[in-house]
2 protein chains.
Amino acid sequence: MSQTRAKRGVELGFLDGLIGFRLRLAQVSLFEDFERALRPFDITPTRFGALVLIEANSGLSQMQLAKAIRLDRSTLVALLDHLEGKGLVKRRPSPTDKRTNELVLTDEGRKLLTKAKRRVQEHEKRLFGKLSASDRAELKRMLEAVSTYKRL
Amino acid sequence: MSQTRAKRGVELGFLDGLIGFRLRLAQVSLFEDFERALRPFDITPTRFGALVLIEANSGLSQMQLAKAIRLDRSTLVALLDHLEGKGLVKRRPSPTDKRTNELVLTDEGRKLLTKAKRRVQEHEKRLFGKLSASDRAELKRMLEAVSTYKRL
DNA sequence: CTAAAAACGTTTGACGACAAACAAAAGCCG
DNA sequence: CGGCTTTTGTTTGTCGTCAAACGTTTTTAG
């Protein structure tokens, strides 16, 4: 019995019925593929999200960005330091509120993001291409429902 | 325009079409709720996964466990140190292969796991309860497809 | 049978994430 | 106004994770 484990594989037991477990496995695969696809750009999923959000909401504050990608604001500090260090993003002190920075993409940031988007598009196709268009829509809808569940 | 951002919310831009982004958000919510529900037991999703797998495959090795939950074997060392320190798991040197340990649950581990399972069941219901049974089956199926995608 | 290669568990180092504490600025309200 | 509270960005500490290097043991090849 025990010696056949290698052949038969490990039993999932209680985990087998849990969607949460499958969700985690899916995300591990997703991250793996994303990382490999975007390695030349030194872009992780989180960094990519930040860049896209800054592009789509030029001038937004760090808090607004943090909330939108569900990241702690303290985490964002190092992330922006990195992107700013690579010349992709700029922190511009807000003229109206001296506490906040306005985040904007540099020209170089925009240029890199354009290329990165193509890679991400391919990446999504690799991971979800097997699913039909309606399946993908369903999946997206359900994931949204999960992340907007009400606490009690 | 910019001053209405707080009201209208942040635009997702390119992120809006990405399933990967939704997947990440869903997992943030999932982890949040799981953590809150299992806090009294000091059990995280990963630890829970390890306990369940050891229960369902008593005597398996660290490598087998690491692969099954897709965790680096080095990560597992500290995790098992923790569980062993709390008296939930035991590392037993394999009699047939002196390189490996056989992982087994202690009586206390089994007892705690029984209680934890109930909490996790409730947690899953909270997160996925809104979805119909067939929706949940679909979701699970699709997530499996994603995590078993072939690297080209 | 023996030398080379691979597997296993561990240690160490790097990195990304959260949480708590802080100073500065803005908002609130008597 | 003028003081208290809240918000914002940052620093520091902790934790979970991966990757690389290492010693021990097993497996494989010649």
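Heavy-atom basis, side chains included; hydrogens, waters and symmetry copies ignored. In the text below, chain A, chain B and the rest are named by the order of the sequence lines, each starting its count at 1.
Regarding H82(B), its NE2 atom lies at a distance of 11 Å from the C1' atom of dC15(D), rounded to whole Å. dT17(D) atom P lies 15 Å from atom CD of E32(A), rounded to whole Å. At whole-Å resolution of the value, CG in D81(B) and C1' in dG16(D) are 14 Å apart. Between the CG atom of L83(A) and the P atom of dG9(D) there is a distance of 16 Å, rounded to whole Å. When the P atom of dT24(D) is taken as reference, atom CE of M63(B) falls 20 Å away, rounded to whole Å. Counting to the nearest Å, the C1' atom of dC18(D) and the CZ atom of R39(A) are 12 Å from each other. In this structure, the NZ atom of K98(B) is 9 Å from the C1' atom of dT25(D), given to the nearest Å. Here dT8(D) presents its P atom at 13 Å from CG of D72(A), a figure rounded to the nearest Å.
Between S74(B) and dC18(D), a side-chain N or O to OP1/OP2 separation shorter than 4.0 Å is absent. Proximity of R47(B) to the phosphate of dG16(D): a side-chain N or O atom is located under 4.0 Å from OP1 or OP2.
For the residue pair Q62(B)/N101(B), the side-chain donor-acceptor check at 3.5 Å is satisfied. Using modelled atom types, one finds a donor on one side chain and an acceptor on the other under 3.5 Å when comparing R70(B) with S29(A).
Considering only side-chain atoms of T100(A), the nucleotide from dT10(D), dT8(D), dT27(D) that sits closest is dT8(D). For L71(B), counting side-chain heavy atoms from C-beta on, the closest listed nucleotide (dT25(D), dC18(D), dT6(D)) is dC18(D).
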Yes or no on side chain to side chain donor-acceptor pair (under 3.5 Å) for T46(B) and T44(B), after CA distance, side-chain angles and deciding distance? CA-CA 5 Å; T46(B) 310; T44(B) 61; 4.7 Å; no
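Side chain of R119(B) to backbone of L38(B): no donor-acceptor contact under 3.5 angstrom is found. Between the T148(A) side chain and the E144(A) main chain, a donor and an acceptor come within less than 3.5 Å of each other. Side chain of E102(A) to main chain of S61(A): no donor-acceptor pair is present (N/O by atom type, distance under 3.5 Å, no hydrogens or angles). Within the 3.5 Å criterion, the main-chain N or O of A66(B) finds no donor-acceptor partner in the side chain of R73(B). T106(A) contributes a side-chain N or O that, together with a main-chain N or O of L88(A), makes up a donor-acceptor pair within less than 3.5 Å.
The end-to-end axis angle of the helix from dC1(C)-dG30(D) to dG30(C)-dC1(D), rounded to 10 degrees and based on five pairs per end, is 30°.
K140(A) is linked by a salt bridge (Lys or Arg N to Asp or Glu O under 4.0 Å) to nothing, counting only residues two or more places apart in sequence or in another chain.
Nearest heavy atom pair, residue R47(B) against residue L79(B), reads CG-CG, 4.1 Å.
Taking 3.5 Å as the limit, the base of dG9(D) and the side chain of R73(A) contain a donor-acceptor pair of atoms between them.
The 5' end of DNA chain C is approached more closely, in terms of each residue's nearest nucleotide, by V77(B) than by the other of T75(A) and V77(B).
Here chain A contacts DNA chain C (any atom closer than 4.0 Å to a heavy atom, that is under 4.0 Å), and the contacts span dG16(C) to dA26(C) from 5' to 3'.
Residue T44(A) is classed as having no contact, given no heavy-atom separation below 4.0 Å to the nucleic acid.
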